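The sequence lines fix the lettering, A, B, ..., with proteins before strands; numbering per chain opens at 1. Because the structure is a prediction, the values reported are computed rather than measured.
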Amino acid sequence: MPRILGSAILSAAMALPGLIPSAHADSAPESGIISLRYLSYRDKQPGLDRITVSAPSLYILFPVGREWAFSGSRVMDSVSGASSRYHSSISGASRMHDTRQANDFNATRYFERATLSIGAANSTEHDYKSEAVNVTGTVSSEDNNTTWTLGFGNTNDSINPVNNIVVNEKKHTRDYLLGLSQVLTPNDIVQASMTYANGHGYFNDPYKMVDNRPRDRSQSAILAKWNHYLEGDSVLQSSCRYYWDNYGIRGDTLALNWVKPLSNGVTVSPSVRYHTQSAANFYYDPVYDPLLGAPFPLGFLSNPTGFYSPDQRLSAFGAITAGFKISKSMAGGWEADMRADYYQQKSGWRWFAKGSPGLEKLTAIILQLGLSKKF
Amino acid sequence: MSIPVNEPECRTAFVAMGSDCEVCLAAASRHAIDEAAIAAIKEVIRIEEKYSRYRNDSVVAAINRNAGLDAVAIDTETAYLLNYMGTLFQASSGLFDATSGILRHAWNFKDCVIPTEEQLQRLLPLIGWQHVDLNVGTVKLRLDGMELDFGGVGKEYAADRAANILKERGITSGFVNLGGDISVVGPRPDGTPWIFGIRHPRNPNETIASVAATSGALATSGDYERFFDLGGMRYCHILDPRTGHPVTAWRSISIIAPLAVAAGSYATIAMLKQGDALTWLEESDVAYIAMDQAGCVYSRP
Amino acid sequence: MKLVAFAFSGAVLVCTGCTGLKPVQPWEKGNLAKPAMTFETDPLEARFMEHIYSSKESVSGGSGVGGGGCGCN
């Protein structure tokens, strides 16, 4: 016999008809939420502590009546450390310190079986500014088992690197989303979505040497998610994504997350994620021109204006994340959580193919603390 | 059983589901109070008639008549309730079983007779939620002679439904009390909580605790509702579906929860859990007030 | 894995119109109503993880539009 927790009785009772004042099928959240979250990120490569990020953030969700909800968030990133100038070379590392402030605002209108939301976001660093707007709509079937999502976003970035290698460069991106979620059984719900982003402008990393990338980039992704309710009141969330772009990168990402409620409001969720990708077709391996030496690629002299990048993120590799989250909900609508993730990127972990040679592995530790209150 | 301590002027008393009931509410005029109270009472009567096992024209009677024969068409509300009782069966590891009402054929609380083991053994094979075939729009009891019973949830469900009818009519102050199972509509007119006393299981004129509530619900399961005493033992109407015998560990367990139907289910299952009741309630994160057979009171706020 | 993603999405599309699966009824949705069964997660947590991955893997997309870029390298 499948065993479920006693706490499931209350949620089952809530589902009975006519016990709580009726609402629209699609209606604004019943309570608002204010949440604080702190992120600490640290990565390193053998012999070099690279980037440290600490980021406090604030999120507020404010429903107005049954038909409107407003939300906003603010993140303050503080980034410091060393960024390699090409490949994973330690000697070429440049020290840096930067702060980033990102805000976003979103308004959602709820209809009988549909929602429409508009949002705006900005992000400011001393050398990089980004402004974005987006609109997303959903429509659900009469039985609420099927939901379609359509979204559009527009982003304008301006880039002013401190080394003045370029001045007031621009990047303009439009992205589109089509999604479908479907209830399959009383214990299964799936979602498939596809995004397409088309950008024009400056895609180079201004702080990397010999970095020249095409000024057009189109990126497509198909993401499929599946949430499955398991005996014993736990939920298994799985997802897979296939990605491709005009740089020649193909990526596969698989993620599994198990959400298991224990007693007394405590929930634990262990998670794993695997990502693998091929290299961009203009990424060059750390094999340098015999005359010019590092970081210039072989054949650079015969084609000095070609596309080249030594950026490790454009190389072929595999990456694994193992994570664990514990959260506790308390009286008065309070909830606290802690999450830790260990991330490692290695060219040898590429799936069914060889990774890019000559690169050091990258390791990161990600810690998060969260506190929220419903009101 | 719980008794409202403050005697309000807004009280409309009635008898339903074999219990003393009342709707208590505040509104702008006597006329508005009466109209709302009548709507709430009508809802209670509707549920009583629909799910009574004593009426030949009830949904339950139709399902039970076709036990071992045919699937019976059911409406949405009945499907919801059956599905909920299936959840209770699972969450209680089989202790809450809506087919265990058949044991009343062996237990006669009026004549104070303990049934023979043979009598019980004849009935036990007919108990088992796993023999209930619940499909979209139909239900079937697989075994000939099986009986389904909504008694375990009907009263509390009716209390919540009636309270919700008052809320949807704009009533913001009041409560519905069906034989001690209470669903609160809203605080007293001055915003202060209602105070409900929890009856002493052995002395109807005494309370063991009082509960203040501005919303939510309170329900009690006790060994004093239908029972007989024989040879120093109390035999009550809460029967273990595995053995057919009454539970004995607790005199009463009261639960405070957002809905009366949930509170009542927690209370009944806790009585059936006997020695494991308090651990289970703690794990389920539920507030309770319980009295054991020695008269000791345990509570969790 | 590419095939898995496509087959999965295809299955979702087919199932909207398919007759083989019984539509789930409102009273069977107790489990589906649990927060962990929805696709909405903690917005700050989700954004942090997405931000980190998109800045370490130069692969992104699938979950939303117009979130705003950054020069995070």
Turns out that what part of A:V79 lies under 4.5 Å from chain C's heavy atoms comes down to neither
Bottom line for A:D77: the part with an atom under 4.5 Å from chain C's heavy atoms is side chain
So, the part of C:S63 with a heavy atom under 4.5 Å from chain A: the answer is both
Turns out that what part of A:F352 lies under 4.5 Å from chain C's heavy atoms comes down to neither
Under 4.5 Å to a heavy atom of chain C? For A:S35 that would be both
- Query: Between A:R273 and A:D341, is there a salt bridge with N-O shorter than 4.0 Å?
  - Reply: no
inquiry  = Can you confirm whether the side chains of A:T276 and A:D252 place a donor and an acceptor under 3.5 Å from each other?
reply    = no
Cut-off 4.5 Å, heavy atoms of chain C, and the answer for A:I366 is side chain
Original post:
Within the side chain of A:Q237, is there an N or O that forms a donor-acceptor pair under 3.5 Å with the backbone of A:A255?
Top reply: no
Okay, A:N145 and chain C: the region with an atom under 4.5 Å from a heavy atom over there is both
inquiry  = Set out, in order, the CA-CA distance, both residues' side-chain angles and the distance that settles side-chain contact (heavy atoms from CB on, under 4.5 Å) for A:S130 and A:T155, then state yes or no.
reply    = CA-CA 7 Å; A:S130 176; A:T155 307; 3.5 Å; yes
With A:W258 as partner, the option from A:S269, A:S271, A:S234 fulfilling side-chain contact (heavy atoms from CB on, under 4.5 Å) is A:S234
Q.
Parallel, tilted or perpendicular, judged at 30° and 60°: which one describes the rings of A:Y176 and A:Y196?
A. parallel
Applying a strict 4.5 Å limit to non-hydrogen atoms, the region of A:Q345 in contact with chain C is side chain
